[in-house]
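First up is the structure itself, then whatever we jot down about it.
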Amino acid sequence: MIICTSKMEYPLRSQCKRVQKQVIVNGEKERVSLLFMKALVSRGSVDAVSQQMASHPQYLESFLRTQHYILHMDGPLPLPYRHYIAIMAAARYHCRYLVCLHSAQFLRVGGDPLWLQGLEAAPPRLRLLDHINKVLAHQPWLAACSHIQTLLKAGEQCWSLAELVQAVVILAHCHSLCSFVFGCDTDSDLTHLAKSPNGTPPTFCPFDAANGNANVPQSLKAPSEHITRRRSLDSSCDMVCLKERIQRSQEEQEKKEERLLQTQTLQQTDLEDEEEMLCFADPSHFITDPDFCHQEFARRDEDHLQVLRVQDYSWEVHGFSLINRLYSDIGHLLDDRFRSVTSLPSLHSSDLKRAIWNYIHYVLGIRYDDYDYGEVNQLLERDLKLYIKAVACFPDVTKTPVCPLSWTLLKASERIHVNLLIMEARLQAELLYALRAITRYMIA
């Protein structure tokens, strides 16, 4: 261990700092590498969103844990339902990237391919979610007790309260994720996703992202080394499997397994071809009422009746306890995400991060009585506010966000941090409106 004191000579102190910084960087690299290895084991790929978030490993870990829980772990909804709901949510913003991603996962968990023809081909229970999907996506302050009642008392097609809460969490998660995809221009990587093995761009190096260089020039990457390592890992796994198979099987049984393996390989090839075609599917097939979109909350005459005041209904006091009671452990996972994104080490001051968070809630109709909104205008330049509002409120890939001029001075990791703040603030706002509607239904 190297101990630095104020009495040491300046060169030694500087060397100490460099060593400590290198230890931190190496630790971050190892953390990112471990997270990506877990993703490869569980999903067989590392998606582009995770790659961009890798510049903030502490947050990425929290994000992946939450996403894995709501999409793959125990819960009232079948796995195909979960991914189809994610498709519906992403389609509201024409997000081809997420529609493609969840369409592929929908098929992997046994979903009916016919459902992917469009919303009309889905079961009636899923189609019932369409209205609350568009409300939460574009005008969440309109979420009402009547929407909850319609879903819970729809006769044979009714939802249970536990199912509805999980569905709402998936909708809010994917709506807010569209903001991140839009802000980071992840949707433009769709062609690379379709043509790369296992959905992982062959030139991606996770350690570049760990250093804050999420957009490393092609000439600076080392694809051959990355591919060689991956093939080496795959080859060692194949050898272990082969040895185990030889030990427990006779020659005749091996021939049968080989024929079965060939059949499965052909089926998998057909499935991959089908998944690649899905990348060019039209998200509009999964939505209705395309003209329903974001409206300016602050310019509506009746808004004073719909303002959500945090003193009356907050995440910490009301939302957290309710969602944790109806959907076990999800409250803790979401709360960890909210805390993680605001506590990330950053060049941005705590006042600036709070201004971004509160401004997003403001444009979505949520007010903090103890906050001076004059700070928003002092800390956020006009072009930054326009960008934040576009990414948070209408992250439609058919539009192009205008990046603030001040961003040219920021590292990629700092820009990603701002997009993470936007995503999480948007997620919490949508959840607050949905949970408030559920609360009013329960006490009615």
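Keep in mind that the numbers below use all heavy atoms, side chains included, and drop hydrogens, waters and symmetry copies.
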Does either side chain, that of D336 or that of Y59, offer a donor lying less than 3.5 Å from an acceptor on the other one? no
For W357, enumerate each residue passing the ring-ring contact (aromatic ring centres under 6.0 Å, His included) test, keeping only those at least two apart in sequence or located in another chain. H361
For the pair S179 (side chain) and V391 (backbone), establish whether a donor and an acceptor sit closer than 3.5 Å, ignoring hydrogens and angles. yes
Between Q117 and H285, does any side-chain donor sit less than 3.5 Å from a side-chain acceptor? no
Any donor-acceptor pair under 3.5 Å linking the side chain of Y387 with the backbone of R382? no
Do H138 and R92 pair up side chain to side chain, a donor and an acceptor below 3.5 Å, judged on atom types alone? yes
Given the rule in the side chain to side chain donor-acceptor pair (under 3.5 Å) test, do Q149 and Y441 qualify, once you have shown the distances and angles that lead to the verdict? CA-CA 7 Å; Q149 184 175 2; Y441 169 80; over 6 Å; no
Under a plain distance cut-off of 3.5 Å, with no hydrogens placed, do Y313 and T439 share a side-chain donor-acceptor pair? yes
Using a strict cut-off of less than 4.0 Å between a Lys/Arg side-chain nitrogen and an Asp/Glu carboxylate oxygen, indicate whether R337 and E61 qualify as a salt bridge. no
Of R426, K353, R354, the residue whose pairing with L421 passes side-chain contact (heavy atoms from CB on, under 4.5 Å): K353
Between W141 and L364, which heavy-atom pair has the shortest distance, and what is it? CE3-O, 3.6 Å
Quick one: are the ring centres of H173 and F63 less than 6.0 Å apart? yes
To the nearest 0.5 Å, what is the distance between CD1 on I87 and SG on C100? 9.5 Å
Check the orientation of H102 and H83. Use parallel for under 30°, tilted for 30 to 60°, and perpendicular for over 60°. tilted
Do H294 and Q139 pass the side chain to side chain donor-acceptor pair (under 3.5 Å) test, and can you show the C-alpha distance, the side-chain angles, and the key distance before you say yes or no? CA-CA 6 Å; H294 175 78; Q139 300 177 39; over 6 Å; no
Does a donor on one side chain sit under 3.5 Å from an acceptor on the other, for E163 and Y81? no
Got a salt bridge between E156 and R125, using NZ or NE/NH1/NH2 to carboxylate O under 4.0 Å? no
Any donor-acceptor N or O pair under 3.5 Å, side chains H318, D312: no
Would you compute the distance between atom CE of M88 and atom CD1 of I170 and round it to the nearest 0.5 angstrom? 11.0 Å
Any side-chain heavy atom of L427 within less than 4.5 Å of one from L177? no
Evaluate D112 against Y84 for side chain to side chain donor-acceptor pair (under 3.5 Å), listing each step before the verdict. CA-CA 10 Å; D112 187 346; Y84 200 87; over 6 Å; no
R339/D335 ion pair, N-O < 4.0 Å: yes
